[in-house]
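Below is one structure, written out as structure tokens, with a few remarks after it.
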Amino acid sequence: MPEEISETNENESGGSALNFLERIIEEDIRDNVYHRSVHTRFPPEPNGYLHIGSLYAININHGAAKRFGGVFNLRFDDTNPLKEDMEYVGAIIEDMKWAGYDPGENIFFGSDYFETIYELTINLIENGQAFVCDLSPDELRESRGTLTTPGVNSPYRNRSVEENLKLFEGMKNGLYNPGEKVLRAKIDMASANINMRDPTIYRVLNADHYRSGDKWRVYPMYDYAHPIQDAIEGITHSMCSFEFKDHRPLYEWVLNALSFAFPEPPKQREFGRMNITGAITGKRYLRQLVSQGYADGWDDPRLPTVKGLRRRGFTVESIHDFLGEIGVARDNSTVDISMLENSLRKDLKPKAKTVMAVLDPLPVEIINYPEGADEWVEVENNAENPELGIRKLPFSRNLLVEREDFMEVPEKGFRRLFPGNEVRLKGAYFIKCEEVLKDDNGAAVKLLCTYDPATKSGGSFTERKVKATLHWLDAARTLPARVNLYGRLLLNENITGEEPNWPRLVDPASLIVMENARMEESLSAALPEDKFQFIRHGYFVCDIHSKPEEKLVFNRIVALKDTKKKG
RNA sequence: UGGGUUGUCGCCAAGCGGUAAGGCACAGGACUUUGACUCCUGCAUUCGCAAGUUCGAAUCUUGCCAGCCCAGCCA
């Protein structure tokens, strides 16, 4: 028995208005169309890893089931043994669990229905609704016609039921080679919808299936298998993406032809695909990036895969928030990546520990601070959430500040460090820039500053104010660190030493943008130029699972689809 | 020259005959031990365009225009 999704856990799609798909379901419930509870499914082909677009599709189906107290299935749509692999089923289940869409016991495989589908197909043939066709792939393509001209009937279209039965059995028993014979639905070669022009529903494949092994030589096509799989599982609403809209008549034709077996057939309904600016979705391209080494793996933080997003520091909560925020599109949409980032920020702000880290260090020497001395200053881990406590940072004569926080000749409005100016070091003291040491090229290599002991953070000093506060590190006690979105590099490892596992890092100071020419070049080589154009900037992101010494500085792998066309 | 589908602010997106929600982004201002955060304020007299129906339309009708999808023995 499938488990029903509890209505009490989590809050995805809870409370908000129904989207247009959910409205359809609501009507069906009202009209008593189904004498069973709402039942949805997510049917990935195990040929790649899940990405943010998959999560969007999962959320729509899973969310609808939850909303109406229904059931949700994960079903591997594995009817093409040439492309599928067990590696992916494990990864998909793992990612779904992580993302909060645990299918529980409701995990199915389309390939488990091969036998049933085969038997139903015998009925189809007996009813004269399918025939074995000997046309070669090329001949078949030609006879199909074009978008504007009708196709012509196959010369094999009128074979007798007996002959079809015999030939189909022969196909099943491996008597024919791939390409020699296919089974086709007998519909209408003149249909304006090309999917209805006697579509192929079974093909011969001399390939072992990752689950059914060498049992089958004949495999059903997606268009034929999918409606049957849905029906077998008792799915009521089969929600898929837009490109299948034209396939709906065929989906319905199949279930109608098999109505003796499925009296209350599921409905296919479609939603627009979701794209994110600057992110490559589409398993085909992701696979290319991974297999050709442009990405370090499916979990490369630059990728919008679930594993990539996870390594990059995105939380489940932020992803759910994002998905709820963008809604369900009727047509393809491209959501600005800033919406995803906003959801992360929203989630992390109150619960993540904040740390200081210096990305591009500029040494500072406090010339009036005793040589060899040091002290520990206290900084709150999260300015707005005291529950996260405080940490102690070492402070001494030699420090590091952000290079961009200093200007020898301050431009108008600059209020950070410049000769003669005083600023506060977060959690520590006021310091004043007294002298700039430069290299032969005139670039600053070190700032000589003085500090005022009276201005120690937490004290009652009010005599003068500074216009800026800077983040800083003790020069001798820093470590390359993992950096998150909005984080910074060189993190001080000596944060009291209490946290073996690093918290997600959030430095509200700034969002860092950089260029990465090398990545741009490799992407250009990897992907077709006419379809993609590369943007120049990405964000620093972090890998909270990697080792500190890796010192990661990532750019997003980015591409904007079809930007040339749109100008 | 076919069929399907969509068109509400730069991006998502409510709205479903009663006189344009919200979020992101952006711009001003206040606040500030990071120029961040937070808080205020601004941001579609208009809903692809044009006619029509109506007291009244983004919502109904007609025509036009634009985008996206479809010719795998892929899913």
Side-chain angles (χ1 to χ4, degrees), chain A residues 16-17 19 23 43-45 47 77-80 82-84 133 135-137 140-142 144-151 178-184 191-197 199-205 218-219 221-223 225-226 240-249 270 272-274 276-277 283-284 322 324-343 345-346 349 354 356 379-380 383-384 402 405 413-416 423-428 430 455 457-458 465-472 486 506-511 562 565-566:
Chain A
S16 53
N19 63 50
R23 244 177 274 144
E45 179 178 26
N47 68 346
D77 205 339
D78 51 3
T79 55
N80 185 349
L82 266 18
K83 292 191 171 177
E84 297 140 10
C133 182
L135 255 24
S136 71
L140 207 169
R141 189 181 339 107
E142 277 171 39
R144 186 158 31 228
T146 68
L147 293 176
T148 53
T149 59
E180 241 178 277
K181 280 179 168 53
V182 292
L183 185 71
R184 294 221 263 159
S191 173
N193 182 345
I194 291 179
N195 296 298
M196 298 298 269
R197 318 242 261 231
T200 299
I201 58 176
Y202 258 102
R203 79 289 213 185
V204 173
L205 252 27
V218 86
Y219 294 90
M221 298 283 289
Y222 164 86
D223 277 325
H226 202 80
C240 61
S241 53
F242 228 59
E243 66 265 32
F244 294 105
K245 189 109 186 166
D246 291 338
H247 297 241
R248 189 150 114 195
E270 308 80 10
R273 288 185 79 103
M274 189 267 296
I276 293 187
T277 56
K283 283 192 216 166
R284 186 184 147 203
F322 171 71
E325 213 52 54
I326 62 174
V328 178
R330 290 168 187 276
D331 197 5
N332 296 346
S333 61
T334 303
V335 180
D336 197 303
I337 185 94
S338 66
M339 284 187 74
L340 214 204
E341 292 166 347
N342 179 255
S343 291
R345 212 179 300 134
K346 215 198 289 181
K349 191 159 54 83
T354 302
M356 289 193 288
V379 183
E380 68 277 14
E384 51 184 272
E402 202 71 61
D405 285 342
F414 187 82
R415 41 184 152 114
R416 286 167 284 172
V423 299
R424 173 178 286 286
L425 291 182
K426 172 77 180 173
F430 282 9
T455 60
S457 184
K465 293 196 165 187
V466 290
K467 289 186 176 147
T469 300
L470 269 40
H471 54 278
W472 55 275
Y486 307 107
V506 178
D507 186 335
S510 70
L511 170 88
D562 296 333
K565 231 196 271 183
K566 285 170 186 164

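Quick note on labels: first sequence line is chain A, next is B, and so on, each numbered from 1. Quantities reported herein were computed from a predicted structural model and do not represent experimental measurements.
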Expressed in whole Å, how much space separates the [atom1] atoms belonging to [N] and [M]?
N	M	atom1	value
B:A58	B:G52	P	15 Å
B:C47	B:C37	P	35 Å
B:U38	B:U45	P	29 Å
B:C43	B:C31	P	23 Å
B:A21	B:A14	C1'	6 Å

| field | Worked check of salt bridge (Lys or Arg N to Asp or Glu O under 4.0 Å) between A:Glu270 and A:Arg248 | value | CA-CA 9 Å; A:Glu270 308 80 10; A:Arg248 189 150 114 195; 2.9 Å; yes
Report the distance from atom [atom1] of [X] to atom [atom2] of [N], rounded to the nearest whole Å.
X	N	atom1	atom2	value
A:Leu147	B:G3	CG	C1'	8 Å
A:Asn332	B:U6	CG	P	12 Å
A:Asn195	B:G4	CG	P	13 Å
A:Phe242	B:U5	CZ	C1'	5 Å
A:His471	B:U33	NE2	P	18 Å
A:Asp336	B:A13	CG	C1'	14 Å
A:Arg415	B:U32	CZ	P	12 Å
A:Ile194	B:C69	CD1	P	15 Å

Ignoring the backbone of [X], work out which of [options] is nearest its side chain.
X	options	answer
A:Asn80	B:C74, B:C73, B:C70	B:C74
A:Asn342	B:C73, B:C70, B:C24	B:C24
A:Ser333	B:G2, B:C12, B:A75	B:C12
A:Arg23	B:G23, B:C16, B:A25	B:C16
A:Thr148	B:U33, B:C73, B:G2	B:G2
A:Thr469	B:A25, B:U33, B:A75	B:U33
A:Phe244	B:U1, B:C11, B:A75	B:A75
A:Met339	B:U1, B:U34, B:G23	B:G23

| A:Asp336 side chain vs A:Thr277 backbone, donor-acceptor pair below 3.5 Å |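 The answer is no, because no donor-acceptor pair under 3.5 Å joins these two groups.
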| Main-chain N/O of A:Ala468 paired with A:Arg415 side-chain donor or acceptor, under 3.5 Å |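 Absent.
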| query | Would you find more than 12 non-hydrogen atoms of other residues, nucleotides or ligands less than 6.0 Å from A:Lys346 atom NZ? | reply |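 Count over threshold, so yes.
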Sugar-phosphate only, base, or nothing, as touched by [X] at under 4.0 Å among non-hydrogen atoms:
X	answer
A:Ala428	nothing
A:Gly272	nothing
A:Thr200	sugar-phosphate
A:His247	base
A:Lys245	sugar-phosphate
A:Arg416	base
A:Tyr219	nothing
A:Arg424	base
A:Met274	nothing
A:Gly413	base
A:Glu384	sugar-phosphate
A:Thr79	sugar-phosphate
A:Asp331	base
A:Leu340	nothing

| request: Could you check A:Asn19 against A:Glu243 and say which one's nearest nucleotide on RNA chain B is further toward the 5' end? | output: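 The residue mapped nearer the 5' terminus is A:Asn19.
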| field | Nearest-nucleotide comparison on RNA chain B, the residue closer to the 5′ end among A:Asp246 and A:Ile326 | value |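 Between the two, 5'-proximity favours A:Asp246.
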| Looking at side-chain heavy atoms only, is the closest gap between A:Ile276 and A:Phe322 below 4.5 Å? |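 SC-SC contact between A:Ile276 and A:Phe322 confirmed.
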| query | With a 4.5 Å heavy-atom cut-off, do A:Arg203 and A:Asn80 have their side chains touching? | reply |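 SC-SC contact between A:Arg203 and A:Asn80 confirmed.
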| task | Scan every strand shown for a Watson-Crick or G-U wobble partner of B:G7, both distances under 3.5 Å, and answer none if you come up empty. | result |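 Pair assignment: B:G7 / B:C65.
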| Does B:C68 have OP1 or OP2 sitting under 4.0 Å from an N or O in the side chain of A:Arg330? |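 Looking at the OP1 and OP2 atoms of B:C68, neither is under 4.0 Å from any side-chain N or O of A:Arg330.
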| message | Between A:Arg144 and B:C73, is there a contact of a side-chain N or O with OP1 or OP2 at under 4.0 Å? | response |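 The answer is yes; a side-chain N or O of A:Arg144 sits under 4.0 Å from OP1 or OP2.
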